[in-house]
Enquirer: 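Could you have a look at this structure, given as structure tokens, before my questions?
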Amino acid sequence: MAYKILRFIFGDQLNANHTWYKEENQAQYLYVIAELKQETNYVKHHIQKVAAFFSAMENFASALKKSQLNVLHLTLDDTQHDESITTLLKRLAEQYQCQEIQYQYPDEYRLYQQMQQLESHISLKISACDSEHFLLPYSDISAHFKKDKHVKMEFFYRMMRKRFNILMKDGAPQGGQWNFDQDNRNKLKKADLATIPEPKVFSNDIEIILRRINNHKISTLGHCSSTLLWPTSRNQAKQLLDYFCTHLLPHFGQFQDAMTCQTSHKWSLYHSRIAFALNTKMLHPMHVINQVLSEFDKRKNEINLAQVEGFIRQILGWREYVRGVYWQNMPDYATKNELNARRALPDYFWHGNTKMNCMKQAIDQSLDTAYAHHIQRLMITGNFCLLTGIKPDDVDNWYLGIYIDAIEWVEMPNTRGMSQFADGGLIATKPYASSGNYINKMSDYCKGCHYNVKQKSEETACPFNSLYWLFMHTHEARLSRNPRIGMVYKNWQKQNETQQSATLKRAQWCLTNIEKL
């Protein structure tokens with residue numbers, strides 16, 4: 001069978017509403033969606049992540065076939081001899097006598113480069129179009145972001161609120177303020193634990209996919225059973241969003257920064273967990289925002305503005321913001337290491353065997369579910385890597401591999417920028433460094449820990465405490481001028497030299513013995 005045009009679909013382009021599928025004369029198109037080894041080994045991925053992508057791709061291919069489109073869904077069995085997308089497309093174009101190859105612009109720079117180089121390998125017409133997913137078009141990014149220049153997320157967020165008229169009234173923010181972050185920092189108390197809703201999960205049979213991953217010797221990390229709890233179809237993604245709006249939204253903002261290890265629902269809490277569905281484009285961001293706003297309008301006696309604003313800020317603000325930073329600063333962004341961090345990632349990031357309870361909780365959860373919420377990522381594992389000076393490349397690779405929703409455009413600015421301050425402040429105006437005090441304030445992790453969160457220099461002292469002060473001491477020349485954290489140095493100076501010396505000595509011991517912590 002011959003086709004005039006081959007249309008290639010990346011594994012994170014599962015947008016059923018794309019213009020492609022609504023055009024006339026579909027007989028000329030062959031849609032190709034393929035499992036490729038190159039997409040499984042650029043970092044070591046969580047087994048649930050690989051399985052979820054493969055399952056979602058298969059379901060999307062089936063949905064397109066049901067719409068009477070010509071679809072070629074290829075598994076690892078079919079592409080095992082294709083070294084890259086280039087070799088695959090070259091082979092298929094010849095096999096199906098195609099005159100043209102079309103694709104949607106990829107969201108990762110490495111794939112963008114690969115597709116840009118395609119023309120030098122294939123003597124066919126090659127054209128690209130928008131993926132029709134993001135709210136800020138790619139062509140508008142340069143108007144709001146400049147290379148190596150800090151753009152304040154709050155101002156970008158306000159611009160997006162105005163642009164799309166979301167939570168606005170007569171040109172002003174609804175409720176009289178743009179941001180309700182101060183209302184969204186509650187710790188879960190004992191009475192709150194019993195009312196946390198059971199998470200919505202799925203039982204997707206992935207036994208055949210797991211067998212295929214094993215047969216092709218794909219190296220993975222983490223744990224997985226024969227059924228997958230994550231949504232792998234648009235229908236399931238919409239069910240998860242429905243569940244969030246109905247059961248979780250009323251308390252989302254209030255507890256969005258909280259952490260606990262005292263309930264079986266500790267991994268899910270009030271979080272939507274729709275990032276995988278969003279980042280694979282099974283859900284559109286405006287669909288999500290509109291449904292949340294609709295729920296808010298119907299239940300204003302149950303859902304207050306702080307919950308809704310906190311959630312929409314993540315979708316309309318942060319998600320679009322980090323994409324802009326990524327594309328305006330790549331490829332240089334991937335090499336930034338402003339604080340000259342050089343230490344290797346400790347082994348317990350791969351197995352969770354550490355005496356630091358907060359780290360154990362966050363890592364174990366990540367290995368078990370391929371998920372951790374933003375504060376676990378930023379203020380537990382990320383904070384630890386920042387304080388101990390872990391190489392940004394190592395941190396990037398771990399985050400990119402372990403989380404089901406991690407695609408480089410969203411992972412790298414969050415990790416290298418927000419978490420590790422390796423970009424020197426392109427995203428964050430200060431390093432997100434903290435002692436154990438913050439962890440104790442926002443969680444119950446410290447109560448069951450081997451270490452004492454109240455101590456700084458003793459043998460049983462929480463490592464975060466001394467490491468925090470060593471970090472601040474090491475980078476004093478840079479950070480003491482920062483108005484957001486200048487007060488910290490006044491607190492340090494209030495301590496006598498003996499206290500300071502003991503704290504720094506404890507921190508050095510922690511670094512020397514980092515694998516034993």
Side-chain angles (χ1 to χ4, degrees), residues 42-43 105-117 130-131 134-160 163 179 279 313-314 316-343 374 377-378 382-383 385-387 389-400 406-433 471-472 474-486:
Y42 59 93
V43 295
Y105 284 114
D107 293 319
E108 290 189 297
Y109 189 83
R110 65 184 180 85
L111 293 175
Y112 172 79
Q113 276 189 312
Q114 208 170 352
M115 298 309 285
Q116 290 292 299
Q117 294 163 2
D130 196 275
S131 65
F134 292 96
L135 301 178
L136 186 72
Y138 180 82
S139 57
D140 286 6
I141 288 176
S142 60
H144 300 281
F145 298 90
K146 304 300 178 190
K147 183 174 171 58
D148 293 328
K149 298 291 183 184
H150 169 71
V151 174
K152 194 169 184 179
M153 203 290 283
E154 180 68 20
F155 295 156
F156 174 82
Y157 169 55
R158 293 180 187 184
M159 179 278 295
M160 293 290 278
R163 179 168 178 159
N179 187 313
N279 294 350
R313 186 171 357 118
Q314 292 189 5
L316 181 67
W318 188 251
R319 188 169 182 267
E320 299 282 331
Y321 172 81
V322 296
R323 173 177 173 256
V325 171
Y326 175 82
W327 279 107
Q328 203 59 24
N329 288 281
M330 285 297 282
D332 298 345
Y333 200 85
T335 64
K336 289 186 179 296
N337 188 4
E338 190 73 15
L339 300 182
N340 197 32
R342 292 283 181 262
R343 191 166 278 103
H374 63 285
R377 300 187 201 194
L378 177 65
N383 183 26
C385 289
L386 175 67
L387 298 182
I390 306 300
K391 289 181 289 188
D393 286 354
D394 283 9
V395 186
D396 260 340
N397 289 341
W398 187 78
Y399 277 89
L400 186 57
I407 302 174
E408 191 182 75
W409 68 267
V410 68
E411 174 277 323
M412 186 176 286
N414 271 290
T415 302
R416 193 171 289 255
M418 184 71 171
S419 172
Q420 300 305 294
F421 204 68
D423 66 4
L426 283 184
I427 288 184
T429 53
K430 70 177 182 70
Y432 275 79
F471 175 84
M472 300 305 293
T474 301
H475 300 290
E476 183 173 3
R478 166 191 283 274
L479 300 180
S480 60
R481 301 191 301 270
N482 187 315
R484 292 193 66 191
I485 52 177

Enquirer: Is the Y138 ring parallel, tilted or perpendicular to the W327 ring (thresholds 30°, 60°)?
Expert: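 Ring orientation of Y138 relative to W327: perpendicular.
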Enquirer: Check the surroundings of atom NZ in K152: do more than 12 heavy atoms from other residues, nucleotides or ligands lie under 6.0 Å from it?
Expert: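 No.
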Enquirer: Restricting to salt bridge (charged side-chain N to carboxylate O under 4.0 Å, His left out), what partner residues turn up for E108, sequence neighbours left out?
Expert: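 Residues passing salt bridge (charged side-chain N to carboxylate O under 4.0 Å, His left out) with E108: R110.
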Enquirer: With side-chain contact (heavy atoms from CB on, under 4.5 Å) as the criterion, how do F155 and M159 come out once you've worked through the C-alpha distance, each side chain's angles and the decisive distance to 0.1 Å?
Expert: CA-CA 6 Å; F155 295 156; M159 179 278 295; over 6 Å; no
Enquirer: Working note: V151 + H144, criterion side-chain contact (heavy atoms from CB on, under 4.5 Å); need CA distance, chi angles, decisive distance, verdict.
Expert: CA-CA 8 Å; V151 174; H144 300 281; 6.0 Å; no
Enquirer: Output yes when a side-chain donor or acceptor of N329 lies under 3.5 Å from a complementary backbone atom of K147, and no otherwise.
Expert: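 Checked: no pair found.
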Enquirer: Please identify which of these residues, F145, Y157, Y326, F134, meets the ring pair (Phe, Tyr, Trp, His ring centres under 6.0 Å) condition with Y321.
Expert: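 Of F145, Y157, Y326, F134, ring pair (Phe, Tyr, Trp, His ring centres under 6.0 Å) with Y321 is met by F145 alone.
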Enquirer: So, the side chain of T335 versus the backbone of D332: is there a donor-acceptor pair under 3.5 Å, distance only?
Expert: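 Answer holds: yes.
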Enquirer: Would R319 and N279 count as a side-chain contact (heavy atoms from CB on, under 4.5 Å) here? Give the steps.
Expert: CA-CA 10 Å; R319 188 169 182 267; N279 294 350; 3.0 Å; yes
Enquirer: Kindly say whether L136 contributes a backbone atom to a donor-acceptor pair with the side chain of D140 at under 3.5 angstrom?
Expert: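 Between the backbone of L136 and the side chain of D140 there is no qualifying donor-acceptor contact (under 3.5 Å).
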Enquirer: Are side-chain heavy atoms of N179 and R313 found at a separation under 4.5 Å?
Expert: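 They are in contact (side-chain heavy atoms under 4.5 Å apart), so the answer is yes.
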Enquirer: Indicate every side-chain donor-acceptor pair of residues 419-426 with a distance under 3.5 Å to a residue at least two apart or in another chain.
Expert:
from, atom 1, to, atom 2, distance (Å)
Q420, OE1, L386, N, 3.2
Q420, NE2, G382, O, 2.8
D423, OD1, G425, N, 3.0
D423, OD1, L426, N, 3.3
D423, OD2, Y333, OH, 2.7
D423, OD2, I427, N, 3.3

Enquirer: Which distance, rounded to the nearest 0.5 Å, do you find between the CG of N482 and the NE2 of H475?
Expert: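 One finds 13.5 Å between CG of N482 and NE2 of H475.
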Enquirer: Taking 4.0 angstrom as the limit, do R416 and E411 come out as a salt bridge?
Expert: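 Salt bridge between R416 and E411, a charged N being under 4.0 Å from a carboxylate O: no.
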Enquirer: Inspect the contact between D148 and K336 and indicate whether a charged nitrogen and a carboxylate oxygen are less than 4.0 angstrom apart.
Expert: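 Salt bridge between K336 and D148, a charged N being under 4.0 Å from a carboxylate O: yes.
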Enquirer: Kindly indicate, with the supporting measurements, whether the criterion side-chain contact (heavy atoms from CB on, under 4.5 Å) is fulfilled by N414 and V322.
Expert: CA-CA 7 Å; N414 271 290; V322 296; 4.1 Å; yes
Enquirer: Keeping D130 on the side-chain end and P137 on the backbone end, is there a donor-acceptor pair under 3.5 Å?
Expert: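 Pair absent, no side-chain N/O of D130 close to backbone of P137.
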